[in-house]
Amino acid sequence: MAKGNTPQAIRGTQDIFGPEAEAFAFVVETFERVRKLYRFRRVEMPVFEKTEVFSRAIGETTDVVSKEMYSFEDRGGDSLTLRPEFTAGIARAYLSNGWQQHAPLKVATHGPLFRYERPQKGRYRQFHQIDAEIIGAGEPQADVELLAMADQLLKELGIEGVTLHLNTLGDGDSREAWRAALVEYFSAVKDELSEDSQERLEKNPLRILDSKDRRDQKFVADAPKIDAFLSDEAKAFFEAVTSGLDAAGVKWKRAESLVRGLDYYRHTAFEFIPDEGSAAADALGSQSTILGGGRYDGLMESLGGAPTPAVGWAAGIERLAMLVSVRPEVAEVAIAAESDERVGEAYELAQHLRKEGLSVEVFASGGKRKRYDKARKSEPLNLISMDFRDGEASTNIASDDTDDVRASRLERLVEEFRRARK
RNA sequence: GCGAUCGUAGCUCAGUUGGUUAGAGCGCCGGUUUGUGGUACCGGAGGUCGGGGGUUCAAGACCCCUCGAUCGCCCCA
């Protein structure tokens with residue numbers, strides 16, 4: 001509980017500790033490992049950019065830009081913004097650094113993002129994502145490889161009950177024609193739509209399709225389908241993606257009403273969503289998407305670059321962390337210095353063992369009788385007690401170590417250490 | 001931006017229709033069982049009951065405001 005004059009953390013930020021922090025680290029470590037398997041190269045990006053990087057790339061009318069950005073003026077009067085996503089900044093870096101020379105470029109990164117929103121379960125003002133992008137690759141195989149990586153990542157995290165929902169938005173022309181048809185269709189029944197969807201009709205008609213409001217849902221089933229507006233090329237592209245996924249053993253499900261909020265998406269759009277009634281769905285509350293992305297062939301042009309096909313995804317680390325289970329890290333060795341005469345020696349032994357690659361914790365403070373108990377409670381694999389009684393030093397090892405090699409190596413190291421000290 | 005629920009020790013929570021010095025468990029600190037021991041027992045520290053105002057002889061409990069948290073809507077990872 002915060003005391004009167006102790007500053008509070010900013011709303012929507014988190015101080016992550018304990019099992020949550022372990023889960024967070026596990027997600028990041030697993031991502032780093034899997035990304036190397038697919039040969040994605042690591043990039044580090046600035047946390048803030050000129051505001052126009054996001055407003056031009058993401059779209060002025062999107063919620064992200066119009067009301068969720070952390071923007072401020074720097075001392076030179078430029079408008080800067082804390083990044084609300086990775087893709088726009090990566091696209092900017094691609095153009096400003098001439099990374100075209102590396103195309104097709106596969107990059108991965110992770111870190112904090114910022115969005116001024118009302119915090120709730122699985123949703124924060126400072127949140128964290130892992131992110132993967134393939135830039136300068138227009139072939140459907142790029143989509144497949146990217147999705148295969150996502151699928152493998154989730155499996156290696158041990159996350160179950162999550163399904164890839166897949167859709168195509170077609171190329172620019174298909175998408176526009178579909179959008180126009182949707183506006184026409186929903187305009188005819190405008191008065192019967194929810195208030196939110198009446199507004200969406202102006203701003204983002206595609207979003208009406210995944211409205212949660214019953215009043216909207218009864219019209220959704222008969223709404224125009226994207227498939228009717230796809231050009232032959234767009235259709236062939238989507239088929240190549242789906243057959244590639246099948247060949248790669250990635251399970252997917254067609255989601256005709258899946259659209260993505262940001263302006264730059266074309267062709268493939270996808271989200272990994274927990275199955276209804278699954279443990280994952282329960283854990284996430286109403287924030288159902290754990291990983292989402294798609295193809296954004298139009299983005300580079302909006303930043304003044306040459307047309308450049310690209311596809312990418314991002315996943316919320318906090319959301320993934322809610323779905324993984326990690327065992328608490330226990331020490332390989334705990335040393336209880338049960339009398340003050342042995343404290344110095346206990347720390348020396350700890351250093352010796354740490355240099356040999358063992359994780360060691362020393363218990364040498366507080367009541368002497370309680371040091372052993374504390375060491376015990378930390379549930380180490382091996383427990384060394386060091387005491388000094390009746391003028392005699394004793395050193396004992398109690399081992400619950402299931403790894404016999406490590407346990408016997410420890411005994412040897414401790415024995416060496418004692419001989420060397422004499 | 002809107003709505004609902006909630007705010008009592010470091011943590012999890014009790015606190016009866018408003019009624020004396022606000023409690024428990026865990027954790028923390030100290031001590032006892034002169035001991036191969038994750039035990040048990042004893043003691044201690046720690047609370048402006050989120051904050052402010054009001055009603056009342058009396059408020060942790062009731063009313064108003066405010067701050068914060070949680071969950072949901074919008075949107076999104």
Side-chain angles (χ1 to χ4, degrees), chain A residues 1-14 17-18 27 58 61-69 83-87 110-132 150 194-200 203-204 206-208 210-213 258-262 270-274 284-294 312-323 334 336 338-339 363 365-380 383-387 389-390 394-400:
Chain A
M1 194 115 324
K3 284 283 193 282
N5 66 348
T6 301
Q8 290 176 315
I10 303 300
R11 176 190 290 253
T13 62
Q14 331 167 64
F17 174 75
V27 170
I58 300 169
T61 63
T62 58
D63 277 27
V64 169
V65 171
S66 63
K67 56 184 209 194
E68 294 172 3
M69 292 206 301
R83 63 186 179 195
E85 60 149 47
F86 279 115
T87 307
H110 64 83
L113 303 169
F114 304 85
R115 246 118 102 161
Y116 193 90
E117 293 186 276
R118 205 60 190 271
Q120 61 194 64
K121 194 183 185 81
R123 178 205 194 150
Y124 309 94
R125 287 186 173 180
Q126 178 180 334
F127 59 107
H128 302 80
Q129 288 185 344
I130 52 179
D131 181 277
S194 67
E195 298 75 21
D196 284 333
S197 283
Q198 293 187 20
E199 228 177 281
R200 290 185 182 113
K203 288 173 53 186
N204 197 353
L206 274 54
R207 281 244 90 102
I208 300 176
D210 53 15
S211 168
K212 288 170 187 166
D213 198 301
L258 186 155
V259 297
R260 308 256 325 140
L262 312 181
F270 53 85
E271 295 180 356
F272 283 80
I273 302 174
L284 286 167
S286 67
Q287 314 307 315
S288 53
T289 303
I290 56 171
L291 184 154
W313 57 248
I317 297 176
E318 288 88 349
R319 292 185 188 177
L320 291 171
M322 287 191 282
L323 303 182
E338 296 190 81
S339 71
F363 294 84
S365 64
K368 295 177 186 66
R369 318 186 91 95
K370 299 223 160 63
R371 293 174 191 175
Y372 182 87
D373 289 344
K374 282 190 199 165
R376 255 297 173 209
K377 276 192 181 171
S378 73
E379 298 187 326
L383 170 54
I384 300 174
S385 61
M386 301 174 78
D387 207 346
R389 222 180 295 154
D390 305 327
S394 62
T395 301
N396 297 298
I397 302 177
S399 182
D400 292 331

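Convention: sequence-line order gives letters A, B, ...; per-chain numbering from 1.
- Remark: A/E117 engages A/R123 in a salt bridge (charged side-chain N to carboxylate O under 4.0 Å, His left out) (not counting sequence neighbours).
- Among the protein residues, A/E338 comes within range of the nucleic acid bases, having at least one heavy atom under 4.0 Å from a base atom.
- Note: CD (A/E117) to P (B/rA77) measures 9 Å, nearest angstrom.
- Contacts of A/R371 classified as side-chain hydrogen bond (donor to acceptor under 3.5 Å, both in side chains), with partners at least two apart in sequence or in another chain: A/D340.
- Residue A/D63 is classed as a sugar-phosphate contact, given heavy-atom separations below 4.0 Å to backbone atoms only.
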N/O donor to acceptor pairs below 3.5 angstrom from side-chain atoms of residues 312-319 of chain A, sequence neighbours left out:
{"unit_1": "A/W313", "atom_1": "NE1", "unit_2": "A/L146", "atom_2": "O", "d": "3.1"}
{"unit_1": "A/E318", "atom_1": "OE1", "unit_2": "A/H128", "atom_2": "N", "d": "3.1"}
{"unit_1": "A/E318", "atom_1": "OE2", "unit_2": "A/Q14", "atom_2": "NE2", "d": "2.9"}
{"unit_1": "A/E318", "atom_1": "OE2", "unit_2": "A/H128", "atom_2": "N", "d": "3.2"}
{"unit_1": "A/E318", "atom_1": "OE2", "unit_2": "A/H128", "atom_2": "ND1", "d": "2.7"}
{"unit_1": "A/R319", "atom_1": "NE", "unit_2": "A/G122", "atom_2": "O", "d": "2.8"}
{"unit_1": "A/R319", "atom_1": "NH1", "unit_2": "A/T289", "atom_2": "O", "d": "2.8"}
{"unit_1": "A/R319", "atom_1": "NH2", "unit_2": "A/G122", "atom_2": "O", "d": "3.2"}
{"unit_1": "A/R319", "atom_1": "NH2", "unit_2": "A/Q287", "atom_2": "OE1", "d": "3.4"}

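- Here A/E379 lies in heavy-atom contact (under 4.0 Å) with a base.
- Within the model, atoms CZ of A/R83 and CZ of A/F114 stand 7.0 Å from one another, a figure rounded to the nearest 0.5 Å.
- Of the charged side-chain nitrogens involved, at least one lies within less than 4.0 Å of a carboxylate oxygen, so that A/E271 and A/R260 count as a salt-bridged pair.
- The distance between atom CZ of A/F127 and atom P of B/rA77, rounded to the nearest whole Å, is 8 Å.
- The distance from atom CZ of A/R376 to atom P of B/rU36 is 14 Å, rounded to the nearest whole Å.
- With sequence neighbours left out, A/R118 forms a side-chain contact (heavy atoms from CB on, under 4.5 Å) with A/R11.
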Original post:
Reading RNA chain B 5' to 3', how would its secondary structure be written in dot-bracket notation, given Watson-Crick and G-U pairs with both distances under 3.5 Å, brackets [ ] for crossing pairs and | for partners on other strands?
Top reply: (((((((..((((.....[...)))).(((((.......))))).....(((((..]....))))))))))))....

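- Ranked by how close their nearest RNA chain B nucleotide is to the 5' end, A/S365 and A/V64 are led by A/S365.
- The shortest distance between the side-chain N/O atoms of A/K374 and the OP1/OP2 oxygens of B/rC29 is below 4.0 Å.
- Distance check, rounded to the nearest 0.5 Å: CD of A/E338 to CE of A/M386 gives 10.5 Å.
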**OP:** Could you encode protein contacts along nucleotides 68-73 of chain B as a string, one character per nucleotide from 5' to 3', using B for base contact, S for sugar-phosphate-only contact and - for no contact, with a heavy-atom cut-off of under 4.0 Å?
**Re:** SS-SBB

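- With sequence neighbours excluded, the residues satisfying side-chain contact (heavy atoms from CB on, under 4.5 Å) with A/S286 are A/Q120.
- Legend: residues meeting side-chain hydrogen bond (donor to acceptor under 3.5 Å, both in side chains) with A/K121, ordered by chain and number and at least two apart, are absent.
- Applying the side-chain contact (heavy atoms from CB on, under 4.5 Å) test to A/S211 and every residue at least two apart in sequence or in another chain returns A/S197, A/R200, A/D213, A/D216.
- Comparing B/rG27 with B/rG44, their C1' atoms sit 14 Å apart, to the nearest whole Å.
- The gap from the P atom of B/rG46 to that of B/rA24 amounts to 15 Å, rounded to the nearest Å.
- Between A/R115 atom CZ and B/rA77 atom C1' there is a gap of 7 Å when expressed in whole angstrom units.
- Annotation: side-chain hydrogen bond (donor to acceptor under 3.5 Å, both in side chains) contacts of A/S399 (sequence neighbours excluded): A/N382.
- At the heavy-atom level, A/S385 lies under 4.0 Å from base atoms of the strands shown.
- Among the nucleotides B/rC29, B/rG38, B/rA77, the one closest to the side chain of A/D400 is B/rG38.
- Under the rule for a side-chain hydrogen bond (donor to acceptor under 3.5 Å, both in side chains), the partners of A/D210 that lie at least two apart in sequence or sit in another chain are A/R207.
- Stacking between A/Y372 and B/rG38 is absent: the ring centroid is not both under 5.5 Å from the six-membered base ring centre and under 30° in plane angle.
- We find that CG of A/L323 is positioned 12 Å from C1' of B/rA77, with the value rounded to whole Å.
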Report, one pair per line, the protein and nucleotides 41-45 of chain B atoms (nitrogen or oxygen only) whose separation is under 3.5 Å.
none

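- Comparing A/K377 and A/E271 along RNA chain B, the residue whose closest nucleotide (by nearest heavy atom) sits nearer the 5' end is A/K377.
- Using a 4.0 Å heavy-atom cutoff across all strands shown, A/D210 reaches no nucleic acid atom at all.
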